[in-house]
Amino acid sequence: MPTPAHRDRVRELLGTGAQLVEVLPAHEYDDEHLTGAVNIPLKQMTPEAVAGLDHSRPIVVYCWDSL
Amino acid sequence: MSPRAAWRLEQLGFTEVYDYVAGKADWLAAGLATVGPGSAAYRAGAVARQGIATCETEETLADAGGRVADSDWTGCVVVNSARVVLGVLGAEDLAAAGEVAAGSVMRIGPPTVRANEEVAPLVERMAARAIDSILVTDPDGRLLGVMVRADAEAALARAGGL
């Protein structure tokens, strides 16, 4: 089960090498995204699209907000 | 969307997945680093003064006043150990000095804005209400700095925004 994470925990995870994925559409990612994030829109989250992610490292996903 | 994405990643075989539930909006509101043309927008966090005096409720006005002398602002923000804003002491409050506890004199619940508040409309609202400065906090209420209207107006003028 995925783990909800507060901002402080996200920063800790990123500091220890976690991967960061923005799941919003590409135009939203292109306009502005968190430093270091890659873009894998949810609608395009296929096995091929995630092949570049490292299974051995934690992953943090985010979208715009909780609504 | 992010919860579904997190579960999708687990379905695809990833075993350590975290969902940053509050998302990009929260990150921007906390004034943290972003990349992209949208990040160039003038926001409160970028123009806020950060070298602000703080004190805790049980400290005295004399303690607070001493710190203000070495800070970038004329007031002192009363915070708890987590840097959450509890109140503010203005120059007139600090003038009394002495051994009075900051918590008994502070103005409770001062207005605040998030770091991603756009400066131009904020300056207009502040000018309309004759507000010279406003605290900038993250979504958890933790102090990030103070945006002084004169600083923001100068920054906008340099950028051609006025």
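Only a predicted model underlies this, so the values are computations on that prediction, with no experimental measurement involved. The chains referred to below are lettered A, B, ... by the order of the sequence lines, with proteins before strands, and numbering in each begins at 1.
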Part of [X] within contact of chain B (heavy atom distance under 4.5 Å):
X	result
A:D8	side chain
A:L13	side chain
A:I40	neither
A:V10	side chain
A:E22	side chain

Closer than 3.5 angstrom, by distance alone: can the side chain of [X] be matched with the main-chain N or O of [Y] as a donor-acceptor pair?
X	Y	answer
B:R8	A:M45	yes
A:Q19	A:D54	yes
A:K43	A:L24	no

- request: Verify whether one side chain among A:H6 and B:D140 offers a donor that lies under 3.5 Å from an acceptor in the other.
  value: yes
- request: Give a yes-or-no answer on whether the side chains of B:T54 and B:R67 include a donor-acceptor pair shorter than 3.5 Å.
  value: no
- prompt: Can B:E117 and B:R125 be counted as an ion pair, charged N to O under 4.0 angstrom?
  reply: yes
Where at least one partner belongs to residues 44-67 of chain A, residue pairs that pass ring pair (Phe, Tyr, Trp, His ring centres under 6.0 Å), sequence neighbours excluded: A:H55-B:F14
message: Is B:A22 in contact with chain A via its backbone, its side chain, both, or neither, using a 4.5 Å heavy-atom distance?
response: backbone
- prompt: Between B:V119, B:T137, B:L122, which is the residue that forms a side-chain contact (heavy atoms from CB on, under 4.5 Å) with B:V113?
  reply: B:L122
- prompt: Knowing that exactly one of B:T112, B:I52, B:L135, B:D138 qualifies, which makes a side-chain contact (heavy atoms from CB on, under 4.5 Å) with B:L144?
  reply: B:D138
message: Quick check on the structure: residues of residues 29-38 of chain A within a heavy-atom distance below 4.5 Å of chain B, by number.
response: A:Y29, A:D30, A:D31, A:E32, A:H33, A:L34, A:T35
Is the closest side-chain heavy-atom distance between [X] and [Y] below 4.5 Å?
X	Y	answer
B:L28	B:R43	yes
B:V123	B:L156	yes
B:V146	B:S133	yes

Residues, nucleotides or ligands: over 12 heavy atoms within 6.0 Å of A:E12 CD: yes
- prompt: Hey, which of B:Q11, B:R4, B:E16 has the most heavy atom pairs under 4.5 Å with chain A?
  reply: B:E16
- prompt: Quick one: of B:A30, B:G36, B:S2, who has the most non-hydrogen atom pairs under 4.5 Å with chain A?
  reply: B:S2
message: Could you work out, with side-chain contact (heavy atoms from CB on, under 4.5 Å) as the rule, every residue matching B:V21, not counting sequence neighbours?
response: A:P4, A:S66, B:D19
Partner chain B: residue of A:P47, A:A18, A:P41 with the largest heavy-atom pair count (under 4.5 Å): A:P47
Residues of residues 73-92 of chain B near chain A, each having a heavy atom less than 4.5 Å away: none
